[in-house]
Asker: 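Next up is a structure, given as structure tokens.
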Amino acid sequence: MTRPFRGAPLGWRLRVAVILVLLTAVATIWVTNRLLTDRFTESTRNRAELRLALYSGNLLSELRRNAIVPQLLSRDPTLISALQSSDYLLSSQRLISFVEEIGAASLMLMDGDGVTVAATDRNRLLEGHRNAPYFVDAIRSNATIFTVSPRETGDYSFIYSRRIEANSEILGVIVVEVDLQKFERAWAGISDAVLVRDSTGNIILSTEPQWRGLDESSAMLRQTPESAIQRALRATADWSALPPDGYLEGEAVIRLETRIPFRGWQMASFTTYDSIREKVNSVLALEIMGFAILLAAAFYLLSRRAASRVVLFQRESAELRALNARLQREIAERERVEKTLDLAEQTLAQSSKLAALGEMSAAVSHELNQPLAAMKTYLAGARLLLRRNRPEEALASFGRIDGLIERMGAITRQLKSYARKGADAFSPVNLGEALASSLSMMEPQLRQRHVKITQILPEDPVIVMGDRMRIEQVMVNLLRNALDATKSVAEPDVEIILAAGDMAVLTVRDNGYGIKDIESLFEPFYTTKQPGDGVGLGLAISSGIVNDHGGRLTARNGQKGGAVFEMQLPLGSDGLQAAE
């Protein structure tokens with residue numbers, strides 16, 4: 001009896017199995033390569049974009065933080081007195097105390113001839129800067145000047161300057177040098193190459209010293225980054241899976257650019273794809289190894305007994321577990337990096353919130369001063385009434401004090417709401433009633449001063465949509481400024497006109513001596529009052545409140561003398577009907 005021949009079917013099955021395994025391996029490797037390449041490339045690009053945003057944000061924060069310093073120091077009475085008396089014995093020590101708090105690179109005080117009379121770096125005393133741009137431009141302008149000046153060492157100095165004047169006389173210039181080189185030192189510790197260009201295209205900050213002063217194309221021709229990027233380029237120069245715009249001079253480097261909202265500056269970074277090819281190749285190598293083992297196991301299983309198949313399966317299982325563990329470690333590492341970046345973003349946001357606390361505390365002090373002064377007056381009146389055995393009138397004073405306490409609480413809640421940035425809950429407000437409430441608030445001052453108050457009000461109510469507490473806050477500030485402006489007038493007179501046309505207009509006119517510097521009137525901390533009478537926040541806060549209501553607050557000098565303030569607010573639907 002002849003046995004059937006099984007060699008031919010076995011060989012055919014083996015060839016089909018090998019071909020299927022090879023096709024599966026090619027398809028799997030191709031798909032894995034594309035998916036992992038896209039995923040790791042996107043991850044690298046996202047991290048580079050986040051770093052670039054963080055760097056530009058820190059740079060802009062440093063510039064804005066130092067921009068206000070010259071304006072504040074130009075009003076410092078000690079420095080002004082030193083320039084007027086030419087006594088600079090303690091001026092350098094005062095600048096040194098400032099620079100430690102500000103964090104600037106250096107501070108210099110120059111007289112009207114451009115000679116350094118005080119400086120945090122005593123080696124720079126008596127230097128002449130008469131022809132320096134930051135001195136010349138500051139003398140000519142009534143604003144803070146920003147200058148970028150090249151140094152002999154090849155880097156740049158970034159300087160804010162502002163002239164110091166008193167009684168319309170220019171006394172000198174205060175110079176604040178911003179320390180931006182610390183960002184270069186911080187960027188040097190990473191594998192990216194970073195540069196900052198000004199509005200003309202010249203590189204003013206860079207991790208590569210030889211790039212400074214050149215445009216980007218010239219800088220790339222002179223010196224490529226000698227860092228970890230170049231070593232990664234040599235390893236990835238044969239990788240063609242990147243898009244064409246991901247190459248710089250034929251190398252696998254991603255170039256990202258962002259605009260810094262400061263004088264047309266731009267920041268660019270070059271990031272390598274060094275780890276992507278290594279990660280993808282490691283996974284592909286494991287897959288190829290797995291398919292090779294699978295083929296070898298197929299041949300081995302076909303020629304061995306069933307018991308040996310169990311051993312091969314266990315071996316493959318161990319390798320797959322090792323691959324899974326490695327992938328899990330890589331995923332955990334990426335999650336850790338993402339959490340670190342999130343923490344950096346939260347830290348930056350918290351720094352911005354802390355910067356607002358100073359302004360908020362000054363606003364609280366200014367807005368609570370008026371109710372406190374009124375409470376003091378009512379308490380004195382109530383004490384006098386009680387001594388004269390007039391308790392009913394004293395109770396009326398206590399009722400007014402209770403209303404003032406409620407108003408202080410409302411002001412505090414209102415200032416707290418600034419930090420939440422929530423939408424304002426507007427409601428119809430009768431400006432005539434709000435004006436009457438404001439005049440009641442100012443009643444103690446009016447009794448002491450005996451000021452003539454003239455009111456011109458329309459017959460119909462003037463209705464606007466807004467927050468009544470904040471609108472009354474603006475009215476009280478305008479009335480208080482009018483009273484302060486008429487302190488030295490023999491017959492003080494304040495005229496209040498309320499009218500409704502296309503908009504609701506409240507005009508407060510006094511017969512004082514007028515406004516000297518209208519341009520700086522609404523700037524924070526600008527005041528013409530004596531120290532202790534005000535901090536210069538009233539008009540700045542009032543202007544912001546009116547702007548939030550869709551209106552505007554203006555000021556001018558009257559034709560017959562005195563100052564005229566106008567608050568314009570959009571009419572509500574009821575107010576439009578009344579006006580018609």
Side-chain angles (χ1 to χ4, degrees), residues 45-72 99-107 133-134 143-151 153-162 175-216 219 225 227 229 254-271 340-356 358:
R45 179 184 291 271
N46 290 339
R47 289 197 297 269
E49 289 177 349
L50 185 57
R51 283 197 299 269
L52 190 63
L54 184 61
Y55 297 160
S56 62
N58 291 338
L59 185 62
L60 181 61
S61 177
E62 183 71 12
L63 290 169
R64 288 180 174 175
R65 184 170 61 85
N66 285 272
I68 194 64
V69 176
Q71 182 178 357
L72 297 177
V99 78
E100 294 176 353
E101 299 177 357
I102 297 170
S106 64
L107 298 176
Y134 47 82
T144 302
I145 303 300
F146 180 79
T147 309
V148 179
S149 302
R151 295 176 175 172
T153 56
D155 55 353
Y156 287 83
S157 61
F158 306 89
I159 296 174
Y160 283 107
S161 59
R162 188 182 181 95
V175 173
V176 179
E177 184 175 358
V178 186
D179 184 13
L180 298 186
Q181 279 70 31
K182 64 182 179 181
F183 293 106
E184 287 187 327
R185 295 189 294 269
W187 299 338
I190 62 175
S191 59
D192 292 359
V194 182
L195 59 87
V196 177
R197 304 193 309 268
D198 59 12
S199 59
T200 63
N202 290 332
I203 299 176
I204 54 178
L205 289 173
S206 174
T207 54
E208 293 297 326
Q210 297 190 29
W211 288 358
R212 301 192 191 102
L214 304 175
D215 56 60
E216 186 172 338
S227 63
I229 293 182
I254 181 175
R255 180 187 181 278
L256 297 176
E257 184 176 282
T258 185
R259 185 180 69 86
I260 302 175
F262 181 81
R263 297 181 178 269
W265 286 14
Q266 293 181 332
M267 176 180 286
S269 68
F270 302 97
T271 306
T340 302
L341 294 177
D342 291 340
L343 181 60
E345 291 179 348
Q346 295 173 3
T347 302
L348 182 60
Q350 185 65 21
S351 299
S352 301
K353 291 180 180 179
L354 292 176

Asker: Quick one, Val196 and Phe183 - any side-chain contact, counting heavy atoms below 4.5 Å?
Answerer: no
Asker: Considering non-hydrogen atoms only, spot the tightest contact between Ser199 and Trp265 and give its length.
Answerer: N-CD1, 4.2 Å
Asker: Going from CG on Leu195 to CD1 on Ile204, what distance comes out if it is rounded to the nearest 0.5 angstrom?
Answerer: 10.0 Å
Asker: Tell me, do Asp198 and Arg263 make a side-chain contact under 4.5 Å, heavy atoms counted?
Answerer: no
Asker: Measuring from Leu72:CG to Arg162:CZ, what's the distance to the nearest 0.5 Å?
Answerer: 9.5 Å
Asker: Thr144 and Ala67: which non-hydrogen atoms are nearest, and at how many Å?
Answerer: CG2-O, 4.0 Å
Asker: Can you classify the ring geometry of Tyr156 versus Phe158 as parallel (below 30°), tilted (30 to 60°) or perpendicular (above 60°)?
Answerer: tilted
Asker: Mark yes or no for whether Ser269, through its side chain, and Leu52, through its backbone, hold a donor-acceptor pair below 3.5 Å.
Answerer: no
Asker: Can you check whether Tyr160 reaches Val178 side chain to side chain, under 4.5 Å on heavy atoms?
Answerer: yes
Asker: Rounded to the nearest 0.5 Å, what's the gap from CD1 on Ile159 to OG on Ser106? Could you check?
Answerer: 7.5 Å
Asker: Indicate whether the side chain of Glu62 and that of Asn58 have a donor and an acceptor atom separated by less than 3.5 Å.
Answerer: no
Asker: From Arg64 CZ over to Leu59 CG, what is the distance, rounded to the nearest 0.5 angstrom?
Answerer: 11.0 Å
Asker: For the residue pair Ser206 and Arg212, confirm or rule out a side-chain donor-acceptor distance under 3.5 Å.
Answerer: no
Asker: Closest approach of Leu107 and Val99, non-hydrogen atoms and distance?
Answerer: CD1-N, 3.9 Å
Asker: Kindly compute the distance separating CE (Met267) from CZ (Arg197), expressed to the nearest 0.5 Å.
Answerer: 11.0 Å
Asker: Does Thr207 use its side chain to pair, donor to acceptor, with the backbone of Val194 at less than 3.5 Å?
Answerer: yes
Asker: Measure the CD-CD distance between Glu257 and Glu216 for me, rounded to the nearest 0.5 Å.
Answerer: 7.0 Å
Asker: Does the side chain of Arg45 reach to within under 4.5 Å of the side chain of Leu256, using non-hydrogen atoms?
Answerer: yes
Asker: Given 3.5 Å as the limit, does a donor-acceptor pair link the side chain of Ser61 with the main chain of Gly57, or not?
Answerer: no
Asker: Side chains of Arg51 and Leu54: does their closest heavy-atom pair fall under 4.5 Å?
Answerer: no
Asker: Hey, does Leu180 have a side-chain heavy atom less than 4.5 Å from the side chain of Leu63?
Answerer: yes
